[in-house]
Amino acid sequence: MIARDLISDTVPSLKTSDTAKRVLDWMNEFKVNQLPVVNNEELLGLITENDLLEISDEENPIGNVRLSLPEKTHVYEDAHIYDVIRVANMFHLDVLPVLKIRDNTFLGVITKDDIIESMARMLNVLEPGGIIILEVHQNSYHLSEIARLFESNDAKVLSLTVLSAPNPNRLHVSVKLNIREMSRVISTFERFDYTIHSVIFDSEQLDDYKERYENLIRFLNL
């Protein structure tokens, strides 16, 4: 999944001739804190609400406004979604401009909601199935072995994420499976001395997991 495929078809770009009032109206309408300023397909930067403070009259154009965000606050069309998330999170952006590789022309923006939706698809959050979270020592984490144990129980791995656990040198490995009956899987991993941190397998728990995931993404200001 790359930046070109994530571009929003709703959030507009601005011209230097647009007024401060139009900028503020659009920020309010689209619920964003930044908007791209573009002239002749060239991205000039992102304008923020704070950038407009130096304009005394809302009917004045934004052409002379000094843009506070760095010039390189964008990604190219072939950027992987991980890079999209990294840049958006680094600068706390609601919208992230995307440029063509060949000539740096402006293609559009990726919104925070676009990122959330794409990550949900990547992680198969909406697919039916259970989730098991293993706690393993960093030196004992072997993806091939974990996958083999799932496959031995006729379970297909839909997605897998790895995060540092609160305990030093340990990892939380969260695995989304295509099955909801987890008893055999649990027994297998216990037999191989894996620590099972938690299991989510019914629809109510899964709905709660999806909601917590979306809240986490929003909390991170992606």
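Quantities reported herein were computed from a predicted structural model and do not represent experimental measurements.
- Legend: residues meeting salt bridge (Lys or Arg N to Asp or Glu O under 4.0 Å) with D83, ordered by chain and number and at least two apart, are R86.
- You'll find the side chain of L52 reaches within 4.5 Å of the side chain of V23, heavy atoms only.
- Within the structure, every pair that satisfies the ring-ring contact (aromatic ring centres under 6.0 Å, His included) test and touches residues 117-159, not counting sequence neighbours, is listed here: F150-F189.
- For the residue pair S183 / E181, a side-chain donor-acceptor distance below 3.5 Å is found, with atom types taken as modelled.
- Between V38 and L44, every side-chain heavy-atom pair lies at or beyond the 4.5 Å cut-off.
- Between the side chains of D51 and S68, a donor-acceptor pair is found at a separation under 3.5 Å.
- Listed for the K176 side chain is a donor-acceptor partner under 3.5 Å among the backbone atoms of E127.
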Checklist entry - Can you check side chain to side chain contact (heavy atoms under 4.5 Å, CB included) on T195 and V136, steps first, answer last? => result CA-CA 7 Å; T195 299; V136 301; over 6 Å; no

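- The side-chain heavy atoms of E42 and N104, taken from C-beta on, include no pair separated by under 4.5 Å.
- Inter-residue side-chain proximity for L69 and L93 is flagged as met; some heavy-atom pair is nearer than 4.5 Å.
- Side chains of T111 and D113: no donor on one and acceptor on the other come within 3.5 Å.
- Atom NZ in K72 sits 7.5 Å away from atom NE2 in H74 (nearest 0.5 Å).
- Residues I133 and I196 are not in side-chain contact: their nearest non-hydrogen atoms beyond the backbone lie 4.5 Å or more apart.
- The side-chain contact (heavy atoms from CB on, under 4.5 Å) check on I101 picks up Y76, E77, D78, with sequence neighbours excluded.
- Considering only residues two or more places apart in sequence or on other chains, D57 meets the side-chain contact (heavy atoms from CB on, under 4.5 Å) condition with E59, N60.
- Counting only distance, with no hydrogens or angles, the side chain of N39 and the backbone of K15 share no donor-acceptor pair below 3.5 Å.
- With sequence neighbours excluded, no residue forms a side-chain contact (heavy atoms from CB on, under 4.5 Å) with N64.
- Shortest non-hydrogen contact noted between P61 and I55 is O-CD1, 3.9 Å.
- Sorted by first and then second residue, the salt bridge (Lys or Arg N to Asp or Glu O under 4.0 Å) pairs with a member in residues 137-149 form an empty list; sequence neighbours excluded.
- Counting only heavy atoms from C-beta outward, the side chains of L96 and V84 approach each other to under 4.5 Å.
- Applying the salt bridge (Lys or Arg N to Asp or Glu O under 4.0 Å) rule to pairs touching residues 24-38 yields K21-D25, sequence neighbours excluded.
- For residues 158-182, the pairs satisfying ring-ring contact (aromatic ring centres under 6.0 Å, His included) are H172-H197, with sequence neighbours left out.
- Looking at N124, its side chain does come within 3.5 Å of a backbone N or O of L158 through a donor-acceptor pair.
- Considering only residues two or more places apart in sequence or on other chains, E135 meets the salt bridge (Lys or Arg N to Asp or Glu O under 4.0 Å) condition with R170.
- In this structure, the separation between CG on L35 and OG1 on T48 is 10.0 Å, given to the nearest 0.5 Å.
- Looking at residues two or more places apart in sequence or on another chain, you find a side-chain contact (heavy atoms from CB on, under 4.5 Å) between N33 and D94.
- For E117, the salt bridge (Lys or Arg N to Asp or Glu O under 4.0 Å) partners at least two apart in sequence or on another chain are R121.
- With rounding to the nearest 0.5 angstrom, the CG atom of L99 is 9.0 Å from the CG atom of D103.
- No side-chain heavy atom of Q34 sits less than 4.5 Å from a side-chain heavy atom of I47.
- Between the CG atom of N50 and the CG atom of L67 there is a distance of 12.5 Å, given to the nearest 0.5 Å.
- Contacts classified as ring-ring contact (aromatic ring centres under 6.0 Å, His included) and involving residues 41-61 (residues at least two apart or in different chains) are not found.
- The side-chain heavy atoms of I110 and V98, taken from C-beta on, include a pair separated by under 4.5 Å.
- A side-chain donor-acceptor contact under 3.5 Å links S118 to the backbone of D114.
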